[in-house]
Amino acid sequence: MKASEAHYGGGVALFLFLFIFLPLLAVLVNVIFPGLFFGNVEWGGIGLIGEIFHRPLWRQSLLNSVTLALGAATLGTIIGGALATIRSRWSFGAARLLDITAWVLLIAPSFMIAQGWVLFASADGLVHSWLGWTWVTSFIFQPTGLVFVMALSKFPLAYLAILAATEWNIRQFGYAARLNGAGPFTVWRTVELPLAMPSFVAGWTLVFMDTVGDFGLPAALATVYRFPTLTYSIYSAIYQSPVRFDMAGVLAFYLVLILALAMALLMLTMRRSKYDFLNARAVKTVKEQPKHAWIYNVAIALFVCLSLGVPIGTSAIVSFMRHAGGGLRVENFTLDHYRQLFSYTAGDHRLLAFLEGMYHSLLVAAVAAVLSMVIGFVVAYVLAFTQSRMRPMLQLFSIISLAVPGVVLGIGYIFIWNQKWLEPLGLHLYGKPSLLVIAGIAGAIPYAVRVQLGAFGNLSGTILKAAAIQGASVFDRMRDIVLPLVRQSLLIAGLTSFGTSVFDLALASMLKPPNFSLMPLVIDKAFEFSNYGYATAATVVSCASVVLIIMVVQAAGRWVFGRLDRQRQQEG
Amino acid sequence: MNKKSVFRYISTMMLIALMLIVSACGQSGGTGSGEASQALGSQNEAEAPQVEAEEPAGADGPGETIYLYGNDFVDVIAPKFMEETGYKMEAVHYGGGEALAKIEAEQGNPQWDVLMMDGHGSIRNLGDRDFLMTGWQPENLANLSEQGAAYVPEDLAYYPVGIHAAGLIAYNTNLVTAEEAPQTWEEFFAYEGPVGHADPAVAAPAYPLVSAFFEKWGVAEAEKLYVNRFSQGMKVYPKNGPVGKALLSGEIEVAALQEHNAYELKLAGEPVEVIWPEEGAPGSLRVVAISQHTRNPEAAKAFVEFMLKPETQQMLASLDSTDSFFTPLVEGVSPRSEREPNGKFLLPSAAWASEHEVEIKTWFADQSVK
């Protein structure tokens, strides 16, 4: 029985090692042994690591990435913190709107958000042609402006982290301090701040990490404004001339280093701030009715218009416009782009066929979702209920692709899966759609594992032990006990995986087989060649379809599970 | 359970998992190449029905599908080639930098057979590093004009098929009068106002453009001119499309714009005027080369012969799009009448362009972030 648990633990650990950790390792090894993956082993030394400080482009990329991430994390935490505080103290109508906005921004792929901002603010964008405000263009397309855009699209991470921590009322400790003679500032400094600190640090780090690893923004900006970041320079070291795989590895090394530092900071604050403030007298924060609720409603509505309305609204409007710069006239509105979307069947490399790309992307994402659901289930099972020696490794492998950006994994996949000796084995996966599926799984695993671990937390291990004593195998225990109890969250894990992999621009552009179109590429290419109407119509339709699919599958799941339960009751 | 059997168990698990994945993708259309050709198949059907090799292609039939990496004509050339010869070809479009990068990435295991792109310097570089088939003389090489024959390298690593201007001086007539517009490249570099061109790291014709300036003035002097140009206002866009757009929006007033894009704007009635400097325009030589590791040399050679035929060149030079703006290098083919008939070209030698490629591109990329 122990041995069979070890099989599962070892199996998934090896799987995750091969498909998540090995590619990352390959990228780092390539720094020291350039050419290793092209069949010649030579010691490159570690001198290359210093070269980043000599070449202006790479130095600038490092600097841009760090300043952008620091700025966005700080501003994003301020915005998220303020909103979370307001949201937890007072009850007002627009609060739900704020939550929805946060979730939409969290899920929406960043290249779409960035494209929305470009269409809004660029020299021939909406704000220029409709309102004639040239200052918006000069404000957005400079480092501070980008920090602003990034903070507005990544603040939900901080908002949700901080909001989760405000659930419990801690004012009692403040009262105690005041009774002992502390002034309001001292109370804030010595009681409230230290208690709230971990959630703020967590929020800050999450925004920081997400921004540093972001590829969508620099990619969407590339046609209008030069702002090389580490992720974009990794991409250009591999996909532009002259090609520097070794330097891509070095840049990836720095990226991973920065992410590791951020993560270490997160862990450290978490560990240092173990205050057991939840005791028997703990009370939940009770929301108050504000005196002038309309002020909050208007302020939140304005904020939502800015953070979500500008990027998504601009895309939606442009998709109905004949010419993006054509102004606000009735003749300029049309459904042509949508008509073209559904009637067009490739033939021009500038305009990829939408339906084909959509079909491929949905298929790849669906296969990746189902597989990552299954793998995530086994990983979570091993982590939660077994004593497998693989557990620490599984922990690491299952979180790593959350921190490692798609561009880095992308080169790793090319190194590993484009080797000649794999061809006779049928494992030459580079240039095949299966590699996209594997990459999709790698990206989805952290979510799949976390969601299911959460559900497993509510399950007592004793039931499983009882079953094991009765002679049920690991597989039986999974199928008959755990699965029925957690199937709802299993479904959610699957849908989350689906949602994350369907729009992955970085992996799609690096790993796609020749002439294989995918949804994010259809949008990106159309955008690159200034077919804004087509690009935005594709954005609108594909987002709507993905949301619809997720809703339908969820509803269908609920219906099927309900039926199964009734059936079982009748049988019983 | 001992260690050995655990290992065996794990490997079996792995294989099952892999097979699952591969077969799951199989559902989506067989193996990768099958899927890709299927995808393209539907694309080709729209343009030209696939002909079932009426003329037998070579002694052993069409053989394996060859892959063409290219940055021009990719949408039309493969169907025409397949129709005429019966060989199977899949044409993949890449930007210039992208195609070179792809070739580098695949050097351990090349996936391409034929390459057709702008910039003989980069191709020369590949030839010097043994990426290309050399020493084979196509029959149709004799069709080349005198100008074309002069571009053929001694080792026959690539074959020239056309030349066009990598950059002409294009200006926005709403912002610049004909008198103010720069007439020479020196005036372009000295122009007071924002100018721009495409990025040599990304766009295929942009390295020929930049390298022509570097050869014309010498590396040190050209660097000085560019530093000065950047400080006076110079924007670099990834490709020529965005350069044209920036020219229209007024973000830049004058551009060194690739021939196709410049004439496209002018013929569409946009406020753009085009100047072909008397001293010459940086030339972008379009060449075809065969991979040393091609899986189907017969088909790859047939493609080179096909590209050197007057009929093919005339067909390309008469296309309805501005892609047809180039100087055909085969005798007896007439170019588009809208072009400057006697335009001269500035073209560095392949060896020079190849030798300085990495240096110039790197310098340029670093310069444009400052």
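The sequence lines fix the lettering, A, B, ..., with proteins before strands; numbering per chain opens at 1. All values below were derived from every heavy atom in this structure, side-chain atoms included, with hydrogens, water molecules and symmetry-related copies excluded.
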### Task
Give, for atom OG of A:S122 and atom CD of B:E251, the distance between the pair rounded to the nearest 0.5 Å.
8.0 Å

### Message
Quick check on A:Y430 against chain B: is it the side chain, the backbone, both or neither that has a heavy atom closer than 4.5 Å?
### Response
side chain

### Closest-packed option against chain B by number of heavy-atom pairs under 4.5 Å, given A:E528, A:K512, A:H428
A:H428

### CZ-CG distance between A:R59 and B:D366, expressed to the nearest 0.5 angstrom
8.5 Å

### Message
Tell me which of these, B:P242, B:G97, B:A201, B:P200, has more heavy-atom pairs under 4.5 Å with chain A than the rest.
### Response
B:A201

### Message
Could you report the tightest heavy-atom contact between B:A101 and A:I238, atom names first, then the distance?
### Response
CB-O, 2.9 Å

### Message
Given heavy-atom pairs under 4.5 angstrom as the criterion, report whether the side chain, backbone, both or neither of B:V243 touches chain A.
### Response
neither

### Message
How long is the straight-line distance from OG1 of B:T362 back to CE of A:M247, given to the nearest 0.5 Å?
### Response
11.0 Å

### Summary
Whatever's closer than 4.5 Å to a heavy atom in chain B on A:R226 counts as side chain

### Query
Can you say whether B:N125 sits under 4.5 Å from chain A via the side chain, the backbone, both, or neither, judging by heavy atoms?
neither

### Query
For chain B, which of A:V243, A:I414, A:V374 has the most heavy-atom pairs under 4.5 Å?
A:V243

